[in-house]
Amino acid sequence: MLLFIVFVIFILWLFQIFLLDSFYREIKLTKIQNLSSKLVMNIEQYDEYDDIPSSIQGDLKDLAIKYESNIYIFIKKENNTYYTISSIVDSTGDTFLPSSNIIQQIWQRAKSSNLNEFMIDASEISTDAIVDPNLPTFHRNSEIIYGQFAKLKDNQEVLIVLNTQLLPVEVATETLEIQLLWIVIILLLFGICLAFMMARFISEPLAKLNVAAKQLPNGKYDANFDATGYLEVDELSSTLNYATKQLKKSESLQRDLVANVSHELRTPLTLISGYSEMIRDIPSENTKENLDIIIAEANRLSDLVNDVLELSKLQSKVLESKFEVFNITNTIDEVLNRFSKFTENHDYVLIHEGTIDDIEVYADESQITQVIYNFVANAINYSKDTSETRSIRIVQTRIDNKLKISVIDEGIGIKKENLENIWNRYYKVYEKQKSKTIGSGLGLAIVKEILEAHNFAYGVNSEYGKGSEFWFILPIKQKNKE
Ligand code: ADP
């Protein structure tokens, strides 16, 4: 800030004080040069001296006032005397006649410079005795005399002389110096305030955020980004807080995943090794039942590993949904078929109802099969233990050009507060409810990934103790239409 202020003050000093004189001279000079060229063009359009109209006097007067200069237009006669154009105007608009002495001096000086254009320092012009004291004469040292020759059409030479006064800049410089002093004081005060505010509202909170952010690579996700300042700083704080929260969540999910997978793997592995050892040590235990248990547990292991792989593929988006048209009614029947052996041995009935005429839908068939399979498996798993036959209904409902598929059970239901979490992997409402058939704790997480990748609406309605309805909606393929 200090450097910036010093720079601004330096620039002000350079332009307003140091270079003021030369700037002022330069600007004045350019102004009269322009005026002179204008006058030359104007005069050169006349054939001879007599053609110059007397009205030119009025124009000259206006120009003299506007440019704050005296305007002299001389024409030399043969006998070394000079005409002036009517009279000569000064910067106040008064007309006067200069002494012929002065005219002669200027003319000679101009001629001796041998140039079409010339500039004379006023101090070089002698204004001796002949000068009428009432007439404006050249100010010494502080004037510019600028002249240019023009030619009338009859080759008569005309000399246009402009004489302007340069005001002494010392007074202005002094004023500006005092002003500059005030500007320095004001700028410094302002700079201090600004620097303080920047430190308070930008640097300080950023430094604070930096300290907190440095904790993240060490796995300290409790870091709180509470720095406040300007809007952007506040936004950065809340973004960092959000990112930390997500990181924390993802890390804990990661940890849970490892813990859960190992836990889930351990149970069947323990059972397999236990039964195998038993069969090895006690030959009479080599029964079909025991071997069935080993096979069932090995299958469970394989299912679990498949689910973990499936979910991780879905989540990393490696698996793209392959959209195709297929008959959803058939697909559901095939899924139900896979459960038939199980339902025969236990008291379950699986009912497929609703608009079950052949309906074609547009989605990834194998993924949708997986969704229905997981819903039905859950419905079976979470049905109540009763002596009665338990029914699970798979209902197809047509809504305009969409199809809603619901898997409805009359099982244990889900409490309201758990409804949101069941879609998270390894979330288990009832820890003790061990799967009777399948179930890796990833079923609904897989369903969620698939349906979200398809952009299909899905959800659950459930009443604790009464049963649940898991549903999703998919588009029907219209006949003869894309
Ligand atoms: P799991 O292998 O534990 O069944 P899921 O992801 O399939 O894993 O289901 C998550 C949890 O949601 C289950 O543990 C269960 O508590 C609950 N849940 C799922 N489906 C049902 C249902 N039909 N009835 C009651 N609870 C269910």
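Atoms considered below: every heavy atom in the structure, side chains included; atoms not considered: hydrogens, waters and symmetry mates. Counting starts at 1 for both ligands and their atoms, following the listed order.
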(message) List the residues meeting ring pair (Phe, Tyr, Trp, His ring centres under 6.0 Å) with Phe201, not counting sequence neighbours, and say none if there are none.
(response) Tyr230
(message) Taking only non-hydrogen atoms of Asn381, do any sit less than 4.0 angstrom from ligand 1?
(response) no
(request) May I ask you to identify, for Leu444, whether its side chain, its backbone, both or neither come under 4.0 Å of ligand 1 on a heavy-atom basis? (result) both
(request) Sequence neighbours left out, what passes side chain to side chain donor-acceptor pair (under 3.5 Å) with Tyr275? Give chain and number order. (result) none
(message) Does Glu420 have more than 12 heavy atoms from other residues, nucleotides or ligands lying within 6.0 Å of its CD?
(response) no
(request) Output yes when Glu334 and Arg338 qualify as a salt bridge under the 4.0 Å nitrogen-oxygen rule, no when they do not. (result) no
(request) Quick one: look at Asp409 and ligand 1, take heavy-atom pairs under 4.0 Å, and tell me if it's side chain, backbone, both or neither. (result) side chain
(message) For atom 4 (O) of ligand 1, tell me which residue out of Tyr382, Tyr464, Phe470, Phe375 has the closest non-hydrogen atom.
(response) Tyr382
(message) Is it the case that atom CZ in Phe10 sees more than 12 heavy atoms from other parts of the structure closer than 6.0 Å?
(response) no
(request) Run the numbers for me: atoms of ligand 1, each under 4.0 Å from some heavy atom of Gly413, listed by number. (result) 25 (C)
(message) I need the atoms of ligand 1 closer than 4.0 Å to a non-hydrogen atom of Ser468, numbered in the order shown.
(response) 22 (C), 24 (N), 25 (C)
(message) Please list, in number order, the atoms of ligand 1 under 4.0 Å from a heavy atom of Ile422.
(response) 10 (C), 12 (O), 17 (C)
(message) So is Gly411 touching ligand 1 or not, going by heavy atoms under 4.0 Å?
(response) no
(message) Regarding Arg25 and Asp21, does a basic nitrogen lie under 4.0 Å from an acidic carboxylate oxygen?
(response) no
(request) Could you tell me whether Arg390 and Glu410 have a side-chain N and a carboxylate O separated by less than 4.0 Å? (result) no
(request) Could you tell me if any non-hydrogen atom of Ile414 lies under 4.0 Å from any atom of ligand 1? (result) yes
